[in-house]
Amino acid sequence: MVEESFLHKGLRAKLVEHLATKGITENAVLNAISKIPRHLFFDSSFLHFAYKDIAFPISAGQTISQPFTVATQSQLIEVKKGDKVLEIGTGSGYQTAVLCEMGLYVYTIERQKVLYDKTKLFLSKLGYNRIKFYFGDGYKGIPESAPFDAILITAATEIIPKLLLLQLKIGGKMVIPLGTQKQIMTRIKRISEHDFETEKFGDCRFVPMLTGVNG
Ligand code: SAH
């Protein structure tokens, strides 16, 4: 299924260079982005947007995050090969694929049934067979598979989901866009059973994290 061309490879190399100049230094992240055919995550009529550093609408009123945002979140979780990561908001699956290419064990939750079905099938066709897909409300996490080395939230919340914090390992990190209209990229590290440390990393914009499921 993977249709590759020199053109796409060239455009990807340019995107990676652009991300590096914007401050992405983690090799595992840049390598992952240089490998993933992002154009296949778009409808054919929008192919020329695939390697621009912009967010773009996908089905069910959702968006595929901007490459810089995906790279930033993937870098901020500070993980190593073999770590276990929970992603909230599967969406197009692009961020999921990046985490998988980084050598992580990825668990991902989506609340919209159409996206869950479509992306699960699509990523398995691309050969990403190690990902565990869940249809459900990400606020609940996956208690039976916890604790996680990292939790990456790709939708905006006003408050920090407590249930998810408790699914982090001690030393584990959650990266979350916090806020309403505009968000601040926030990293929360679990430093002991009951203590957490918070750091902020600038403005960002995400679709809202909603409760319950759709479909
Ligand atoms: N990671 C995605 C970003 C998609 S946009 C990508 O790279 O394409 C955010 C996604 O979060 C949407 O698909 C939305 O349906 C989903 N979402 C919102 N609230 C959620 C929740 N409570 N649980 C799981 N997914 C949620």
Side-chain angles (χ1 to χ4, degrees), residues 12 15 19 24 29 32-33 35-43 46 49-77 85-102 104 106-123 126 128 131-143 145-146 148 150-165 167 174-180 182-183 185 204-215:
R12 266 206 304 282
L15 175 62
L19 295 174
I24 304 300
V29 175
I33 290 174
K35 281 192 196 147
I36 300 168
R38 192 166 188 265
H39 59 283
L40 299 181
F41 293 71
F42 286 66
D43 289 335
F46 298 118
F49 290 107
Y51 294 107
K52 293 193 190 302
D53 192 16
I54 52 170
F56 204 78
I58 54 171
S59 48
Q62 299 303 319
T63 52
I64 176 167
S65 301
Q66 181 186 354
F68 179 64
T69 307
V70 171
T72 301
Q73 288 197 284
S74 307
Q75 179 163 284
L76 283 176
I77 52 176
V85 176
L86 172 63
E87 177 194 31
I88 311 295
T90 315
S92 70
Y94 181 70
Q95 170 77 73
T96 324
V98 169
L99 296 171
C100 194
E101 282 286 1
M102 288 168 67
L104 307 170
V106 188
Y107 296 70
T108 184
I109 312 179
E110 175 55 56
R111 67 176 289 282
Q112 298 218 43
K113 188 70 163 54
V114 269
L115 283 176
Y116 163 81
D117 286 336
K118 187 175 164 187
T119 301
K120 187 178 175 183
L121 182 69
F122 173 64
L123 287 185
L126 278 184
Y128 294 111
I131 300 165
K132 297 215 161 46
F133 293 89
Y134 293 81
F135 167 58
D137 181 353
Y139 278 105
K140 298 185 177 140
I142 312 171
S145 301
F148 297 95
I151 300 179
L152 196 156
I153 303 189
T154 73
T157 73
E158 245 174 285
I159 45 139
I160 300 163
K162 290 272 152 45
L163 279 178
L164 293 181
L165 279 183
Q167 293 181 25
M174 175 189 288
V175 174
I176 174 170
L178 270 184
T180 42
K182 207 168 72 174
Q183 301 90 42
M185 191 61 82
C204 55
R205 212 177 271 270
F206 283 79
V207 296
M209 182 162 165
L210 305 171
T211 49
V213 294
N214 184 354

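The structure displayed is predicted, hence computed values, not measured ones. Numbering of ligands and ligand atoms starts at 1, following listing order.
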Per-atom contacts, ligand 1 versus [X] - under 4.0 Å to a heavy atom:
X    : result
G91  : 4 (C), 13 (O)
T63  : 3 (C), 4 (C), 5 (S), 8 (O)
L210 : 18 (C), 19 (N), 20 (C), 21 (C), 22 (N)
S65  : 3 (C)

Inset, instruction - Please confirm whether F122 and F41 have ring centers closer than 6.0 angstrom. - result: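 Ring centroids of F122 and F41 are less than 6.0 Å from each other.
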Which residue owns the protein heavy atom closest to [atom], what's the atom, and how far is it?
atom                    : answer
atom 11 (O) of ligand 1 : G89 CA, 3.2 Å
atom 9 (C) of ligand 1  : T154 O, 3.3 Å
atom 7 (O) of ligand 1  : Q95 N, 3.3 Å
atom 15 (O) of ligand 1 : E110 OE2, 2.6 Å
atom 23 (N) of ligand 1 : G138 N, 2.7 Å
atom 8 (O) of ligand 1  : S92 OG, 2.6 Å
atom 20 (C) of ligand 1 : R111 CD, 3.3 Å

Using a heavy-atom cut-off of under 4.0 Å, does the side chain or the backbone of [X] touch ligand 1, or both, or neither?
X    : result
V207 : side chain
L115 : side chain
A60  : neither
Q62  : side chain
Q112 : side chain

Legend entry - Closest contact, heavy atoms only, F135 versus G215: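 That would be CZ-O, 3.5 Å.
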Do side-chain atoms of [X] reach the backbone of [Y] as a donor and acceptor pair under 3.5 angstrom?
X    : Y    : result
Y94  : I36  : no
E101 : A32  : no
T154 : I88  : yes
R111 : G212 : yes

Inset, instruction - Please say whether T211 places an N or O atom under 3.5 Å from an N or O atom belonging to ligand 1. - result: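 Between T211 and ligand 1, no N or O pair is found under 3.5 Å apart.
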Legend entry - Check: Y51/R38 side-chain N/O donor and acceptor closer than 3.5 Å: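 Not at all, the side chains of Y51 and R38 share no donor-acceptor pair under 3.5 Å.
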Check: [Y] and [X] side chains under 4.5 Å, non-hydrogen atoms:
X    : Y    : result
L163 : P143 : no
F206 : T69  : yes
E87  : F148 : no
T90  : I131 : no
S92  : Q62  : no

Inset, instruction - Could you tell me whether ligand 1 has any atom less than 4.0 Å away from a heavy atom of I58? - result: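 Under 4.0 Å: no for I58.
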Inset, instruction - May I ask whether P208 has any heavy atom positioned less than 4.0 angstrom from an atom of ligand 1? - result: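 Checking ligand 1 against P208, which is what was asked, there is a heavy-atom contact under 4.0 Å.
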